[in-house]
Amino acid sequence: MSTEKIYDLIGIGVGPFNLSLAAHSSQVDKVDSLFLEQKPSFEWHRELIFQDSYMQTSFLKDLVTGSDPTNPYTFLNYLVKNGLFYSFMNTGRKSITRKEFEVYCRWVAESLGDKIAFGNKVNNITHKNNLFVIETNKAVFTAKNICLGTGLIPSVPKCARDFIGDEVFHAKSKQLATVNLEGKNLIVVGGGQTGVEVFRNALNEKWGRPNSIKLITTRANLEPLEASPFTDEYFTPGYVKQFFSLKNDKKESIVNYQLLASDGNTPEYLEELYNELYLVKNIHRDERKIEILPYRWLDKVEKGENSYQLTYRNDFRDRLESDEADVIILATGFQKRTPPILDLLEEHIPLCEKGRFIFNKDYSLKWDGEETNKIFAFNFSRYGHGISEPQLSLMAWRSANVINSLCEEEVYPTNSFKPNFIDYGEE
């Protein structure tokens with residue numbers, strides 16, 4: 001089936017980032033948009049939504065409030081429309097659970113109606129006669145501009161790739177829902193928020209009572225998120241604008257230095273975990289091995305007769321160590337790569353020396369056809385726009401920038417903010 005309609009914008013993938021863009025575009029008559037998603041309905045990291053999983057940002061940093069507080073798709077309007085406003089306010093919380101955020105996003109997606117076409121898996125994208133042609137499993141669509149919001153690919157250490165299955169798997173896998181840890185020796189690889197949450201839920205016997213629980217991490221400790229008001233200045237429009245103007249060789253070292261501003265563990269969560277560990281080991285006298293092993297780099301995985309043999313490098317002691325596990329859960333993050341759906345356009349999209357997209361200020365890619373047709377991309381510009389790019393904090397402001405770019409006017413007030421308190425100097 002081929003549609004004759006030409007859209008101003010088609011979004012590929014509907015996670016929170018493109019959902020934010022969809023919510024913004026729904027209020028702008030000049031932008032006729034459609035968003036394509038292969039799943040049958042909205043869902044967001046469902047494998048990693050535990051009962052104790054909280055967002056690391058305020059509920060006011062929702063899909064639209066930061067740029068359009070009168071938009072009908074704010075979190076506060078979701079509360080009002082669903083009769084939850086007063087009871088929610090009575091909780092006194094500043095942040096919400098990941099489950100609440102997903103429910104809110106699903107409400108937005110359903111409210112947007114035919115602006116989102118679920119069940120459409122994009123197979124490829126071509127560019128003909130100054131238009132993008134997007135082929136899905138159901139239809140062919142045409143658009144002047146596109147926005148990539150396809151998400152990231154789970155990162156799996158090379159030494160573990162041959163063993164991926166029901167006993168060795170990435171935390172963002174269907175296996176996490178059905179794994180049986182009863183009487184098993186578990187090793188969690190990764191000391192970020194996901195690894196810590198898997199470790200804690202295993203400690204609380206979510207998947208049965210393990211025989212032993214270990215977490216190994218390359219980090220020096222279970223390091224907390226840097227969340228002071230001054231650190232939060234990194235997540236403001238003013239900082240993004242100053243950062244974008246820097247030379248590329250300067251940007252990388254700055255972003256790497258700011259790691260714990262975005263990839264640290266929620267301090268309150270670490271306090272709760274430490275308290276639980278204290279009670280389990282010192283009050284309940286649990287004799288099992290329950291260990292957190294920092295400075296460890298996973299070096300080798302081998303399949304033994306009844307378990308997996310692991311070798312990891314201890315950089316604190318400068319030695320190799322061996323261990324064994326029945327189940328290995330990899331909380332090893334995600335990797336960015338050019339989406340395969342762009343393969344037919346690949347020769348027209350230059351990459352930097354690091355193999356990354358090159359971005360314009362409006363979050364569009366530099367490519368051969370950018371004068372007439374823009375390719376916007378979300379969550380690919382950490383080293384272009386800064387540390388906030390993978391986070392939800394500025395997604396509303398970023399969506400507003402894209403709409404303004406498409407309309408060639410300031411539909412949303414992306415420049416009407418006061419300068420922050422940190423002065424990095426003029427360009």
Side-chain angles (χ1 to χ4, degrees), residues 1-39 41-42 63-64 66-74 77 105-150 339 341-342 345 360-365 367 369-378 395-414:
M1 172 182 154
S2 180
T3 62
E4 296 182 1
K5 183 174 183 177
I6 298 175
Y7 291 92
D8 296 308
L9 173 70
I10 284 185
I12 315 298
V14 182
F17 291 160
N18 258 352
L19 186 60
S20 168
L21 184 58
H24 280 79
S25 65
S26 70
Q27 305 302 300
V28 181
D29 292 337
K30 289 180 68 174
V31 179
D32 190 0
S33 63
L34 177 69
F35 291 78
L36 307 174
E37 168 57 48
Q38 63 179 334
K39 294 175 183 175
S41 61
F42 182 90
L63 299 171
V64 294
S67 55
D68 186 16
T70 62
N71 191 295
Y73 302 117
T74 65
N77 196 41
C105 287
R106 194 180 312 129
W107 172 79
V108 173
E110 292 170 355
S111 300
L112 286 169
D114 59 9
K115 209 155 191 64
I116 301 177
F118 287 105
N120 272 272
K121 182 181 186 300
V122 176
N123 295 321
N124 60 65
I125 301 172
T126 54
H127 186 249
K128 300 176 183 177
N129 302 320
N130 290 336
L131 292 171
F132 292 108
V133 179
I134 301 102
E135 297 182 27
T136 78
N137 59 313
K138 291 184 177 180
V140 178
F141 301 93
T142 308
K144 298 174 186 176
N145 308 280
I146 59 175
C147 184
L148 303 176
T150 50
I341 55 175
L342 289 184
L345 297 176
N360 296 304
K361 195 173 183 179
D362 65 355
Y363 293 91
S364 66
L365 306 185
W367 79 292
E370 64 179 301
E371 289 189 10
T372 54
N373 309 106
K374 291 180 180 290
I375 302 175
F376 298 97
F378 292 157
M395 63 177 169
W397 178 77
R398 180 180 54 195
S399 295
N401 275 274
V402 171
I403 296 296
N404 290 351
S405 176
L406 290 171
C407 295
E408 298 182 332
E409 63 176 293
E410 193 173 71
V411 177
Y412 291 110
T414 55

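Fair warning: this is a prediction, and the values are worked out from it, not measured in the lab.
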What distance separates [X] [atom1] from [Y] [atom2], expressed to the nearest 0.5 Å?
{"X": "Glu135", "Y": "Asn124", "atom1": "CD", "atom2": "CG", "answer": "4.5 Å"}
{"X": "Ile403", "Y": "Asp68", "atom1": "CD1", "atom2": "CG", "answer": "10.5 Å"}
{"X": "Ile134", "Y": "Asn123", "atom1": "CD1", "atom2": "CG", "answer": "12.0 Å"}
{"X": "Leu112", "Y": "Ser25", "atom1": "CG", "atom2": "OG", "answer": "7.5 Å"}
{"X": "Asn145", "Y": "Ser364", "atom1": "CG", "atom2": "OG", "answer": "9.0 Å"}
{"X": "Asn130", "Y": "Glu371", "atom1": "CG", "atom2": "CD", "answer": "10.0 Å"}

Quiz item: Does a sphere of radius 6.0 Å around CG in Asn137 hold more than 12 heavy atoms from other residues, nucleotides or ligands, not counting ones at 6.0 Å or beyond?
Solution: yes

Quiz item: Above 12 or not: heavy atoms from other molecules or residues under 6.0 Å from CD of Glu409?
Solution: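 Enclosed: over 12 neighbouring heavy atoms sit under 6.0 Å from CD of Glu409.
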
So which atom in [X] and which in [Y] form the shortest heavy-atom distance, rounded to 0.1 Å?
{"X": "Leu9", "Y": "Ile146", "answer": "CD1-C, 3.8 Å"}
{"X": "Ser33", "Y": "Tyr7", "answer": "C-CD2, 3.9 Å"}
{"X": "Ala396", "Y": "Leu63", "answer": "CB-O, 3.4 Å"}
{"X": "Leu365", "Y": "Ala377", "answer": "CD2-CB, 4.0 Å"}
{"X": "Phe42", "Y": "Leu19", "answer": "CE1-CD2, 3.9 Å"}
{"X": "Val28", "Y": "His24", "answer": "CG2-O, 3.6 Å"}

Self-check item: Exercise: do Asn18 and Ser20 side chains pair donor with acceptor under 3.5 Å
Solution: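 No - no donor-acceptor pair under 3.5 Å links their side chains.
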
Self-check item: Candidate pair Val122 and Thr136, rule side-chain contact (heavy atoms from CB on, under 4.5 Å), full reasoning
Solution: CA-CA 4 Å; Val122 176; Thr136 78; 4.1 Å; yes

Would a 4.5 Å heavy-atom cut-off, applied to side chains only, mark [X] and [Y] as touching?
{"X": "Asn401", "Y": "Trp397", "value": "yes"}
{"X": "Leu21", "Y": "Phe378", "value": "yes"}
{"X": "Leu34", "Y": "Lys5", "value": "no"}
{"X": "Leu131", "Y": "Lys144", "value": "yes"}

Quiz item: Under the side-chain contact (heavy atoms from CB on, under 4.5 Å) criterion, do Tyr412 and Gln27 qualify, and how do the steps go?
Solution: CA-CA 11 Å; Tyr412 291 110; Gln27 305 302 300; 3.8 Å; yes

Quiz prompt | Residue of the set Ile375, Ile10, Ile12, Ile6 for which side-chain contact (heavy atoms from CB on, under 4.5 Å) holds with Phe132 | solution =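 Running side-chain contact (heavy atoms from CB on, under 4.5 Å) over Ile375, Ile10, Ile12, Ile6 with Phe132 returns exactly one hit, Ile375.
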
Self-check item: Pair Phe17-Arg398, side-chain contact (heavy atoms from CB on, under 4.5 Å): steps then yes or no
Solution: CA-CA 9 Å; Phe17 291 160; Arg398 180 180 54 195; 2.9 Å; yes

Quiz item: So Ser67 and Thr414, side-chain contact (heavy atoms from CB on, under 4.5 Å) or not? Walk me through it.
Solution: CA-CA 7 Å; Ser67 55; Thr414 55; 5.8 Å; no

